[in-house]
J.: 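Mind having a look at this structure? Questions to follow.
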Amino acid sequence: IMDDCLFCKIIANEIPSSKVYEDDELFAFKDLYPKADVHILVIPKLHIESLDGLTSDHQNLIAKMMLKLPELARDQGLKDGFRTIINTGPGGGQEVGHLHMHILGGKNLPGFK
Ligand code: 5GP
Ligand code: ZN
C-alpha cells in the first residue's frame, strides 16, 4: 500500500468506489468519469506503477488480471465484446500511477483520438 496513491486508497476503502469485483489479489470498480456506458478499472492490490514497473515476479498476477477481463465484461452485460486499454506513463496518457486495465463497452464506446 502506497500512502499517496489514489487507487491504493480505493482498495483500502479510504476513498469510496463502486466495486464490482474483489479477490485476494485484484480489485475492480467503476470509473468515476466513464468514457462509455460501461467503464471498469481492474487493478492489482499490489502497488505497481505501470506496465513499466513490471518484473518477472508479476507474471502470474498479470496473467490473472488478463484472464479476469472477459469474465468482468460478461458480468457487466457486454455480450458481444469490449475494449481494453492500458495507458503507460505520461507518453501513454496515464494519469493515476497504479497499474490499471480499463474495460470499456456498451453504448457510446469512443474512438481513438
Ligand atoms: P488513466 O488515464 O491513468 O489510464 O486512467 C485513470 C482513470 O481513473 C480515468 O479514467 C479516471 O476517470 C479514473 N479516475 C480518476 N480518479 C478517480 C476516482 O477517484 N475514482 C474512480 N472510480 N475513478 C477515478
Ligand atoms: Zn497504489
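All values below come from the heavy atoms of this structure, side chains included, with hydrogens, waters and symmetry mates left out. In this text the structure is predicted, and so the values were computed from the model without any measurement. Counting starts at 1 for both ligands and their atoms, following the listed order.
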J.: With a cut-off of 4.0 Å, which atoms of ligand 1 are near a heavy atom of Ile10?
T.: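 Listed by number with element: 20 (N).
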J.: List ligand 1 atoms under 4.0 Å from Phe7, heavy atoms only on the residue side.
T.: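 Numbered from 1, ligand 1 contributes 8 (O).
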J.: Do Met66 and Met101 come close enough that some side-chain heavy atom pair is under 4.5 Å?
T.: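 Yes, at least one pair of side-chain atoms sits under 4.5 Å.
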J.: Ignoring hydrogens and angles, state whether a donor on the side chain of Asp23 or Tyr21 is under 3.5 Å from an acceptor on the partner side chain.
T.: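 Yes, side-chain donor-acceptor contact under 3.5 Å.
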J.: Mark yes or no for whether Glu14, through its side chain, and Lys9, through its backbone, hold a donor-acceptor pair below 3.5 Å.
T.: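 Between the backbone of Lys9 and the side chain of Glu14 there is no qualifying donor-acceptor contact (under 3.5 Å).
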J.: Using modelled atom types and a 3.5 Å cut-off, is there a donor and acceptor pairing between side-chain atoms of Lys35 and backbone atoms of Tyr33?
T.: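 Pair found, side chain donor or acceptor close to backbone of Tyr33.
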J.: Of all the N, O or S atoms in His98, which one sits nearest to the Zn ion (ligand 2)?
T.: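 Nearest N/O/S atom of His98: ND1.
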J.: Tell me whether His58 contacts the main-chain N or O of Thr55 through its side chain, where contact means a donor paired with an acceptor under 3.5 Å.
T.: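 Confirmed, His58 side chain pairs with Thr55 backbone.
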J.: Of the backbone atoms (N, CA, C, O) and the side-chain heavy atoms from C-beta on, which set of Ile86 has a member under 4.0 Å from an atom of ligand 1: side chain, backbone, both, or neither?
T.: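 Neither part.
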J.: Taking distance alone, with no angle check, do Lys30 and ligand 1 share an N/O pair under 3.5 Å?
T.: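 Right, the criterion is met.
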J.: Please determine if Asp75 and Lys68 form a salt bridge, counting it only when a charged side-chain N lies under 4.0 Å from a carboxylate O.
T.: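 No, no charged N to carboxylate O under 4.0 Å.
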J.: Taking the side chain as every heavy atom from C-beta outward, state whether Thr88 and Leu99 have any atom pair closer than 4.5 Å.
T.: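 When only atoms from C-beta onward are counted, Leu99 and Thr88 do not touch, as no gap falls below 4.5 Å.
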J.: Could you find the nearest protein heavy atom to atom 1 (P) of ligand 1 and give me its residue, atom name and distance?
T.: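 For atom 1 (P) of ligand 1, the nearest protein heavy atom is His100 NE2, 3.0 Å.
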J.: Heavy-atom contacts with Asn87 under 4.0 Å: which atoms of ligand 1 show up? List them by number with element.
T.: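 Selected atoms, number and element: 1 (P), 2 (O), 4 (O).
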J.: Give the residue and atom name of whichever protein heavy atom lies nearest to atom 17 (C) of ligand 1, and the separation in Å to one decimal.
T.: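 Ranking protein heavy atoms by distance from atom 17 (C) of ligand 1, first comes Leu6 CD2, 3.8 Å.
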J.: Return the closest protein heavy atom for atom 3 (O) of ligand 1 as residue, atom name and distance.
T.: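 Result: Glu95 N, 2.6 Å.
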J.: Quick check: does any side chain N or O of Gln76 sit under 3.5 Å from a backbone N or O of Leu78, one acting as donor and the other as acceptor?
T.: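 No; zero donor-acceptor contacts below 3.5 Å.
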J.: Using a plain distance cutoff, I'd like to know if Gln94 has any nitrogen or oxygen under 3.5 Å from a nitrogen or oxygen of ligand 1.
T.: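 No; the residue has no nitrogen or oxygen that sits under 3.5 Å from a nitrogen or oxygen of the ligand.
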J.: Between Phe29 and Phe7, is the ring pair (Phe, Tyr, Trp, His ring centres under 6.0 Å) condition met? List the steps.
T.: CA-CA 10 Å; Phe29 56 104; Phe7 286 175; 5.3 Å; yes
J.: Apply ring pair (Phe, Tyr, Trp, His ring centres under 6.0 Å) to residues His100 and His98 and explain how you reach the verdict.
T.: CA-CA 6 Å; His100 50 281; His98 181 127; 8.0 Å; no
J.: Can a donor-acceptor pair be found, under 3.5 Å and without considering hydrogens, that links the side chain of Glu25 to the backbone of Leu46?
T.: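 Not confirmed, Glu25 side chain does not pair with Leu46 backbone.
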J.: Rounded to the nearest 10°, what angle sits at the Zn ion (ligand 2) between SG of Cys8 and ND1 of His47?
T.: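 Cys8 SG and His47 ND1 form an angle of 110° at the Zn ion (ligand 2).
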J.: To which protein heavy atom is atom 10 (O) of ligand 1 closest, and what is the distance rounded to 0.1 Å?
T.: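 Protein heavy atom with the smallest distance to atom 10 (O) of ligand 1: Asp31 OD2, 2.5 Å.
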J.: Could you list the atoms of ligand 1 found under 4.0 angstrom from a heavy atom of Lys35?
T.: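 Per the distance check, 10 (O), 12 (O).
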J.: Which of the numbered atoms in ligand 1 are under 4.0 angstrom from any heavy atom belonging to Phe29?
T.: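 Every atom of ligand 1 under 4.0 Å from some heavy atom of Phe29: 21 (C), 22 (N).
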J.: Out of Leu32, Ile85, Ile15, who gets a non-hydrogen atom closest to atom 24 (C) of ligand 1?
T.: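 Heavy atom nearest to atom 24 (C) of ligand 1 belongs to Leu32.
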J.: Report yes or no: does Gly93 have a heavy atom closer than 4.0 Å to ligand 1?
T.: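 Flag set, Gly93 near ligand 1.
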J.: Using distance alone, determine whether Val96 and ligand 1 share an N or O pair under 3.5 Å.
T.: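 Right, the criterion is met.
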J.: Is there any N or O on Ser17 that sits under 3.5 Å from an N or O of ligand 1?
T.: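 It does not: no N or O of Ser17 is found under 3.5 Å from an N or O of ligand 1.
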